[in-house]
Amino acid sequence: MSLPEDQPRLRRNLQIASFAIHAARGLVRDQTMRRKAMFWTVMVAVVMLFCGATFLAPLLDSRGHPGWFIFYWLLCAWVTITVVLLAIFDLLMVRGAARAQRRELGKKLAETDSPNDGD
């Protein structure tokens, strides 16, 4: 076992994974970046769909190249599912923020109404 030699490689892989996790968390938490990511991911999915149906069709022939066919369309489906999951997450975040704002507004209205009741 050459553990000391593998240690820097493992540490570098952990740093890359840590960076990827933090970047993804930042992307998902910021509404503007999340929506930009959704837009560009939809554009990638549409371009992939167009390319797969037109000029890549001979390469993606299901009878001639079944491996490429499956890989390409699974990749296209993965990109599409990513967009759908981002959109669902965005809807949930917007609903949660609206609920929190409604609750806060209700508290403010209750505070402003109580001094007037004593007059």
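Worth knowing before you read on, the calculation uses all heavy atoms, side chains too, and leaves out hydrogens, waters and symmetry mates. The structure displayed is predicted, hence computed values, not measured ones.
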Pairs of donor and acceptor atoms involving the side chains of residues 91-106, under 3.5 Å and at least two apart or interchain, shall be tabulated with distances.
none

*asked:* Other residues, nucleotides and ligands only: do more than 12 of their heavy atoms fall within 6.0 Å of CZ on F50?
replied: no
Do any side-chain atoms of residues 25-37 form donor-acceptor pairs under 3.5 angstrom with protein atoms, and if so which ones, sequence neighbours left out?
| from | atom 1 | to | atom 2 | distance (Å) |
| --- | --- | --- | --- | --- |
| R34 | NE | D90 | OD1 | 2.9 |
| R34 | NH1 | V28 | O | 2.3 |
| R34 | NH2 | D90 | OD1 | 2.9 |
| R35 | NE | D90 | OD2 | 3.0 |
| R35 | NH2 | D90 | OD2 | 3.1 |

*So which residues get pulled into L60's cluster when ILVMFWY side chains under 4.5 Å apart are joined, directly or through others?*
V44, M48, L49, F55, L56, L59, W68, F69, I70, F71, Y72, W73, L74, L75, W78, V79
*Give the minimum heavy-atom separation between A45 and C76, together with the two atoms involved.*
O-SG, 4.1 Å
